[in-house]
Participant: 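For reference, the structure I am asking about is given below.
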Amino acid sequence: MGGGRLDIALCASSGQAFRWRKQENGAWVGSDGPTWYRVFQLDDETLGVETNGEREDFRHYFRLDWDAIEIEREILRNGPELEPYMDALRGLRLLRPYSAVEAFYGFLCTPNNNLTRITAMNRYLSTLAPMVTHLDGVAVHSFPGTEMIADLEEDLLREAGFGYRAATIPAVAQQVRERGGDAYIIGLRRVKYEVARAELMTIKGIGPKLADCICLFALNHTEAVPVDTHIWQAATRLFFPEWRNESLTAARYDAIGDALRAKFGKRAGWAQQYLFYDNLLNWRSRAG
């Protein structure tokens with residue numbers, strides 16, 4: 001099994017990772033810890049890739065060992081109602097970064113935030129780490145680890161536009177440091193999803209939604225379903241219409257995740273990414 005569709009623009013802009021940017025020549029440049037990529041979409045099936053990593057790093061990051069076409073068929077067999085969303089987003093794939101640490105702290109920037117500001121905050125954090133290269137005059141950095149983030153001064157992050165997260169991000173890092181630092185984060189990849197999620201929620205500052213984001217995008221637990229505003233709107237439109245004028249409660253949060261896991265199993269996180277990105281792109285038109 002392997003390969004299938006890959007649309008670099010969809011993957012890089014869909015809120016799964018925050019250090020991708022489009023260059024004027026049409027290439028997408030992104031980083032995964034110390035590994036950088038410059039990717040040209042030459043046609044629907046061909047990519048040109050420059051990187052300081054290995055071919056396998058790129059395949060791993062974009063899950064090219066997973067057959068996207070077969071996954072789409074499997075999702076549609078279990079949830080045919082997703083067909084219009086998947087048709088519109090062909091080539092969107094669930095990412096799998098090597099750097100659990102970058103993804104962990106990257107998603108600590110996301111609560112009550114928008115993609116533009118989240119991206120800016122991640123880029124700022126990366127500038128605190130060593131530079132690995134210049135690409136067309138733009139410095140490309142690695143990403144700081146737990147030790148560095150735990151010691152960041154709140155005032156420094158507030159001046160950089162982090163808002164209240166200037167306090168919460170170092171506070172989380174300090175708790176992680178007490179539990180083993182970067183190795184603790186990486187170790188959560190080796191336990192079951194339910195165990196990792198419960199463990200994350202013992203950290204002050206990490207609630208259910210953030211725990212699910214970390215499980216899905218940092219720890220590779222593909223059955224995780226982060227329920228934010230966009231998934232709530234999609235879920236009440238498709239699966240729970242009786243809740244459309246209600247509020248998202250803890251019980252409803254759990255019910256949505258359980259429903260997608262019951263339908264899609266280990267593909268639930270991949271399915272939710274279609275729903276999330278479609279709603280992110282189209283919620284204004286649907287609201288009217």
Side-chain angles (χ1 to χ4, degrees), residues 11-21 28-37 57 60-63 93-132 139-152 156-157 160-177 181-186 188-189 196-197 200 203 205-222 224 226 228 230 269 272-273 276-277 280:
C11 294
S13 61
S14 60
Q16 303 183 65
F18 307 110
R19 287 207 293 150
W20 285 87
R21 64 184 182 276
W28 283 87
V29 173
S31 301
D32 175 18
T35 305
W36 58 264
Y37 302 100
D57 297 333
H60 181 278
Y61 188 86
F62 288 98
R63 292 186 191 271
R93 302 178 72 100
L94 185 63
L95 302 182
R96 181 177 54 192
Y98 270 112
S99 181
V101 174
E102 174 173 349
F104 178 94
Y105 290 107
F107 273 90
L108 290 185
C109 300
T110 63
N112 304 309
N113 213 348
N114 61 60
L115 194 53
T116 299
R117 289 188 64 207
I118 295 165
T119 298
M121 291 160 67
N122 272 262
R123 288 180 182 168
Y124 176 81
L125 288 175
S126 76
T127 65
L128 305 178
M131 186 181 70
V132 292
V140 179
H141 293 258
S142 182
F143 202 84
T146 297
E147 285 291 337
M148 180 179 289
I149 294 175
D151 289 336
L152 290 176
L156 178 72
L157 294 180
F162 279 65
Y164 74 88
R165 302 165 206 84
T168 59
I169 292 173
V172 168
Q174 290 158 19
Q175 295 172 73
V176 170
R177 180 167 60 186
D182 292 353
Y184 167 78
I185 296 172
I186 295 167
L188 293 176
R189 284 181 166 174
R197 184 177 188 268
L200 288 168
I203 298 173
I206 296 181
K209 184 255 184 177
L210 187 51
D212 276 323
C213 284
I214 293 169
C215 281
L216 181 59
F217 299 115
L219 304 180
N220 301 332
H221 295 301
T222 59
D228 69 345
H230 295 293
Q272 76 82 39
Q273 193 60 28
F276 167 81
Y277 199 36
L280 178 66

Participant: Please name the pair of heavy atoms, one in A211 and one in I206, separated by the smallest distance, quoted to 0.1 Å.
Facilitator: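 A211 and I206 have their closest heavy atoms at N-CG2, 3.7 Å.
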
Participant: Quickly, which of L157, T110, I118, N112 forms a side-chain contact (heavy atoms from CB on, under 4.5 Å) with R165? Name it, please.
Facilitator: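 Filter result, single survivor: N112.
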
Participant: Can you tell me if H141 uses its side chain to pair, donor with acceptor, with the backbone of A129 under 3.5 Å?
Facilitator: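 Such a contact is found between H141 side chain and A129 backbone.
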
Participant: Within the structure provided, determine whether S14 and Q273 are in side-chain contact (heavy-atom separation under 4.5 Å).
Facilitator: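 Contact flag for S14/Q273 side chains = yes.
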
Participant: How are the rings of H230 and F276 set relative to one another: parallel (under 30°), tilted (30 to 60°) or perpendicular (over 60°)?
Facilitator: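 Plane angle over 60°, so perpendicular.
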
Participant: On a heavy-atom basis, which atom in L115 and which in G15 lie closest, and how many Å separate them?
Facilitator: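 Closest heavy-atom pair between L115 and G15: CD1-CA, 4.1 Å.
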
Participant: Quick one, L128 and I149 - any side-chain contact, counting heavy atoms below 4.5 Å?
Facilitator: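 Of all side-chain heavy-atom pairs linking I149 with L128, none is under 4.5 Å.
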
Participant: Please name the pair of heavy atoms, one in Q16 and one in C11, separated by the smallest distance, quoted to 0.1 Å.
Facilitator: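 Between these two residues, the closest heavy atoms are NE2-O, 4.2 Å.
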
Participant: Output yes when a side-chain donor or acceptor of R189 lies under 3.5 Å from a complementary backbone atom of C215, and no otherwise.
Facilitator: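 Checking the backbone N and O of C215 against the side chain of R189, no donor-acceptor pair under 3.5 Å is found.
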
Participant: Please report the shortest heavy-atom distance between A17 and Y61, naming the atom on each side.
Facilitator: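 Here A17 and Y61 meet closest at CB-OH, 3.4 Å.
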
Participant: Do C213 and F104 have side-chain heavy atoms sitting under 4.5 Å apart?
Facilitator: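 C213 vs F104: side chains apart.
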
Participant: Say whether Y184 and T146, considering side chains only, have a donor N or O and an acceptor N or O under 3.5 Å apart.
Facilitator: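 No.
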
Participant: Which atom names give the shortest non-hydrogen contact between F107 and F217, and what distance separates them?
Facilitator: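 For F107 versus F217, the nearest heavy atoms are CZ-CD1, 3.3 Å.
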
Participant: What residue pairs, at least two apart or across chains, pass side-chain hydrogen bond (donor to acceptor under 3.5 Å, both in side chains) with a residue in residues 120-130?
Facilitator: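 Passing the test, one end in residues 120-130: no pairs.
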
Participant: Hey, could you give me the CZ/SG distance between R117 and C109, rounded to the nearest 0.5 Å?
Facilitator: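 The SG atom of C109 is 10.0 Å from CZ of R117, to the nearest 0.5 Å.
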
Participant: Is the closest side-chain heavy-atom distance between V176 and D182 below 4.5 Å?
Facilitator: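 Not in contact.
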
Participant: Looking at side-chain heavy atoms only, is the closest gap between V140 and M131 below 4.5 Å?
Facilitator: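 No; the side chains remain at least 4.5 Å from each other.
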
Participant: Just how far is it from atom OG1 of T35 to atom NE2 of H60, taken to the nearest 0.5 Å?
Facilitator: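 One gets 11.0 Å once the value is rounded to the nearest 0.5 Å.
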
Participant: side-chain contact (heavy atoms from CB on, under 4.5 Å), that's the test. Do S13 and Y277 meet it? Break it down for me.
Facilitator: CA-CA 9 Å; S13 61; Y277 199 36; 2.7 Å; yes

Participant: Tell me whether the rings of F62 and Y37 are parallel (<30°), tilted (30 to 60°) or perpendicular (>60°).
Facilitator: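 F62 vs Y37 ring planes: perpendicular.
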
Participant: What's the spacing between L219 CG and I185 CD1 if we round to 0.5 Å?
Facilitator: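 Between L219 CG and I185 CD1, I get 8.5 Å after rounding to 0.5 Å.
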
Participant: So, the side chain of R21 versus the backbone of V29: is there a donor-acceptor pair under 3.5 Å, distance only?
Facilitator: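 Absent.
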
Participant: Considering only heavy atoms from C-beta outward, does the side chain of I214 approach that of Y105 to under 4.5 Å?
Facilitator: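 SC-SC contact between I214 and Y105 ruled out.
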
Participant: Spell out, as yes or no, whether a donor-acceptor pair under 3.5 Å connects the side chain of N220 to the backbone of L216.
Facilitator: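 No; zero donor-acceptor contacts below 3.5 Å.
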
Participant: Are M121 and T116 packed together at the side-chain level, in the sense that at least one heavy-atom pair is separated by less than 4.5 angstrom?
Facilitator: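 M121 does not reach T116 side chain to side chain.
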
Participant: Any ion pair linking D212 and R197 (charged N to carboxylate O, less than 4.0 Å)?
Facilitator: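 Judged by the 4.0 Å cut-off on N to carboxylate O distance, R197 and D212 do form a salt bridge.
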
Participant: With a 4.0 Å cut-off on N to O distance, would you call R96 and D32 a salt bridge?
Facilitator: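 Looking at D32 together with R96, the answer is no, because their closest N to O distance does not fall below 4.0 Å.
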
Participant: Which heavy atom of D228 sits nearest to which heavy atom of K209, and what is that distance?
Facilitator: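 Minimum heavy-atom contact is CB-CE, 3.6 Å.
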
Participant: Per the side-chain hydrogen bond (donor to acceptor under 3.5 Å, both in side chains) rule, what does the pair list look like for residues 166-176, sequence neighbours excluded?
Facilitator: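 Matches after skipping sequence neighbours: none remain.
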
Participant: Are any non-hydrogen side-chain atoms of D57 and Y98 less than 4.5 angstrom apart?
Facilitator: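 Sidechains of Y98 and D57: in contact.
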
